[in-house]
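The next block holds one structure in the form of structure tokens; read it before the comments.
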Amino acid sequence: MLIVRLLGRYLLRSGIQRPGVPQRWLCAVQSVQCAEAVMIRSRTQIKRVLCVAEKNDAAKGIAEIMSNGRSRRNVTVTMTSVSGHLLGLEFKAPFQKWHSCNPVLLFDAEVEKYCPDNMTQIKRTLEKEVRQCQALIIWTDSLTQFICSRSGTNSSSYDFATFLYVCSHISNIQVFRAKFSEITPNSIQRACETLTEPDANISDAVDVRQELDLRIGASFTRFQTLRLQKIFPASLANQLISYGSCQFPTLGFVVERFKAIQAFIPETFYKIKVLHEFEEDTVEFSWKRNRLFNHTACLVLYQICMEDPIATVTSITSKPKSKWRPLPLDTVELEKLASRKLRINAKETMKIAEKLYTQGFISYPRTETNIFPATLALGPLVEQQTNSPAWGTFAQRVLDQPGGPNPRQGKNSDQAHPPIHPTKYTGTLQGNEARVYEFIVRHFLACVSQDALGQETVVDIDIAQEKFSTSGLMIIARNYLDVYPYDRWTAKVIPVYEQGSQFQPSAIEMVDGQTSPPQLLTEADLISLMEKHGIGTDATHADHIETIKSRMYVGLTPDQRFLPGELGMGLVEGYNSMGYEMSKPTLRSELEADLKLVSEGTKDKRSVLQHHIQKYKAVFIESVRKAKKLDEALSPYLGAAQEITEAEQQDMEIPLPVRKCPNCGRDMVLKKKREGNSKYLSCVGFPACKTAVWFPDMVLEVSRDDSVCPTCQPRPVHMLKFKFRRGTLPPMMPLEFVGCIGGCDETLREVLDLKYLRPGGGGGQGDPRPPPLRPPRPEPSRITNPRPSLPAPISSWTPPQPRPPPGGSVRGMNTSSDAIVCNCGQDAVLLTVRKDGPNQGRQFYKCNSGSCNFFLWADQPDQQGEPQGRGPPPRTPQPSRPSLGFRNIAGEGRGLEGRTGGGGHVGQTVCNCNEAVVTRTVQKDGPNKGRMFHACGKPREQQCNFFQWADENVPPQGKTHTDTPLCGLMWPGEKTHTANSI
DNA sequence: GCAAGGTC
């Protein structure tokens, strides 16, 4: 026994009083067949089956059919409805706010499926209902959601994964889908008998597309919007400037046509026209040569005609001609024809069609099919229309015609839905709903009736051996035209000519004309282009067009043609100038091909996803780098670009990852210090992760190289391109080279003293102050700053060891003012000198593990200058200088080290003569003009060749400095300037 | 505030 609780046609409806809660029906008779089918397929005993349909109306309709009778089996089948957008995809919370992160991070940010608030009731209903069931049947009529259409852009929120997600708490539930294209007993019964299994591969492809669309769309939209609002505040302050894989190519079509018109150069052409008046009419004969672009050539031929202007009829042919009835209606044709003939735009048309469908007046309006299936009985559908006072008679004619309804057959089928056709007669609709319904009915009746028939007569004449012709048309049977006012076919009357006869034309004229540019696109043109290039689906064309209008990318002329707006033009031109075909339909062709392979099961979802995320991320990074091109392209339209500050510019710049952070695993990127141009390597996890690498001042420039270190782990560890200050490297080393700081390059590690990573400390992104630099080897001591706010030193970064734990957790927060930390970042060990000698019994610190050569006398922790021979040299005071490869000046035995006072103050700097230096300014024209430097203060003839830039505080290297007297080089004339201090 | 995909 089944469904004893049947009340009327459907026995139980729940939640109908509460909006948003799906209705629920228990079903009978055919549901038994349905359940039996499940049992046969799954070979299990089924007690309860849950059916879900796409819409309440559909669910109700199917339930009604399935309940239309008595039950015999002890199986319960419940029907409920779901809605589109049951689950969406979104970034996890930290990335949702626009200012929460650099948009580039959206390529890697975690995403999750979520159920929007207004959908929770539906989700809950599904979860509750399915709990009792052993099988789930998906009755969504939009079968195309599981079929990658020709364009490959179909996607759906009803994908298999959605249902698995919703049913995830149910084990061993069988999931089937029922294929049906209309809610009729036959169709529903057939669906019950032909249950299929959902295709997980197609669901995977849908997932990939969805995720890529989200990442690409959101990242580019945020980038464009935030940047351009800043650059053009007057025009764009409140404008959302979106990017999407469908809307941009749609915009591209509009721009392309506009540019074609702009670039069009009209050409003058000439032709000969022959007129023949008869009775009160005139026939025009057209030239077989059509037109000539050479004036003289045309004139010669014209003059020849005029010399003997008698026309001889050379042939008369008369043959039947038909005007074909329209093809069965698919979505795209509906949109285009409604736009052209009814002047109702595609968006509005689809909205109306959807409503007509849910009211049961027409079939499903989203279809690519223009072939009526043989199984669809057209007679009854036509018969319903005989009720109409407007076209009822014609409908009857169709029924009466030999063979009955006889549709033309198109070439497309989505194997899911029949062409759009009326399913019920109604005469109660109003306004545009009535107009769209009438159009669908008339189109349907037209396409199942007969072609219009006519007789065409073609008359060829000859004037001085030039050929001309004209044609007349007699309409014999209007047929479909009687019901289809949207097509015109007009008869053309010409006199009766006889072959071989002659007549005198009433006029022979030479006329000129000009070639004309193409016209701006109509909505129908635009839809055709979208369809041709696979942009969007038949269900979404109208939405994308609406989007580019609402984003102010395009506008409509008074005659409803699309004209690109300033913003739209600028964006397309900007990206074009970068070399990215962001607005070209081919941009995603590789992606589409891969998605097809995923849907066929020949490519792996994850690898395809990763490949394309990385590809688009690279495009994005380049786009940001070249963002000025966008400004430049837009400024002719939107006015001068607003200058943005260096800091703002920097905020927008997107550094590429150099390597993974050894502490938290996130990317480490090169960042500019807030002051100056130098860079440091920072973890993007700042401030949560303070891992950073500071380069000493000897590094003038550092940038990321595209090459990847072959050995360092975890890959990829990108190489860095360095430029060093002159005089800071050993002579054998070039000043510019590409090296790896991953740990494999011992020389570089030593040069940069990059053995260790330190936390951002008081610096980091918020305050990127460089840490103290160290004097020349042997390595200096480093004493923890007693400030309690400083984080504890972190563990060392010495790849390729596995990622060390975060510093704080290893070392704890050691804020003791007495803490002495060695160069490894660990607490130094306190030892006592045992060896005989002057230091016997004296305490000193050294590296606990012996990894570094740290040494510090315990009784002189702050010592600035340690006597030679008594231990390692002292810590260099700030501002410190680079230390390596420092060259002595002019054969002097000592470096600058000894010449400059502890604080590096200029007043204490001495030259090679041990005199206090003077500061001068370069007077000579050139790149250094105006730059200050220190030099020997003696009269010119007695000067030593000491030289030092004031802003570098280091001596330059090379011949210029050591061998050539600087004075002569740098002081043209006697214009000198002495400064006491800087 | 973002995509494209859908519809209560």
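What you see below is based on every heavy atom in this structure, not just the backbone, and it leaves out hydrogens, waters and symmetry mates. Per chain, numbering begins at 1; letters A, B, ... match sequence-line order.
- When the nucleotides dA3(B), dC2(B), dA4(B) are ranked by their closest atom to the side chain of Cys246(A), dA4(B) comes out on top.
- Side-chain contact annotation: Asp213(A) with Ser245(A), donor-acceptor N/O pair under 3.5 Å present.
- Between the CD1 atom of Ile548(A) and the C1' atom of dA3(B) there is a distance of 15 Å, rounded to whole Å.
- Looking at heavy-atom distances under 4.0 Å, Glu90(A) makes contact with a base.
- At a cut-off of 3.5 Å, with distance as the only test, no side-chain donor of Tyr437(A) or Gln359(A) sits close to an acceptor on the other residue.
- If you take OH of Tyr553(A) and C1' of dC2(B), they are 10 Å apart, rounded to a whole angstrom.
- At the heavy-atom level, Ser219(A) lies nowhere under 4.0 Å from the strands shown.
- In this structure, of dA3(B), dG1(B), dA4(B), it is dA3(B) that holds the atom nearest to the side chain of Thr221(A).
- The CD1 atom of Ile241(A) sits 12 Å away from the C1' atom of dC2(B) (whole-angstrom rounding).
- Atom CZ of Phe95(A) and atom P of dA3(B) are 20 Å apart (whole Å).
- Atom NE2 in His541(A) sits about 16 Å away from atom C1' in dA3(B), given to the nearest Å.
- Residue Trp98(A) and nucleotide dG1(B) are classified as a stacked aromatic pair, their ring centres being separated by less than 5.5 Å at an interplanar angle below 30°.
- Looking at Leu334(A) and Phe439(A), their side chains come closer than 4.5 Å, going by heavy atoms from C-beta outward.
- Between the base of dC2(B) and the side chain of Gln96(A) there is no donor-acceptor pair shorter than 3.5 Å.
- Defined by atom type and a distance below 3.5 Å, a donor-acceptor pair is present between the side-chain atoms of Asp594(A) and His612(A).
- With dG1(B), dA4(B), dC2(B) as the choices, the nucleotide that has an atom nearest any side-chain atom of Asp213(A) turns out to be dA4(B).
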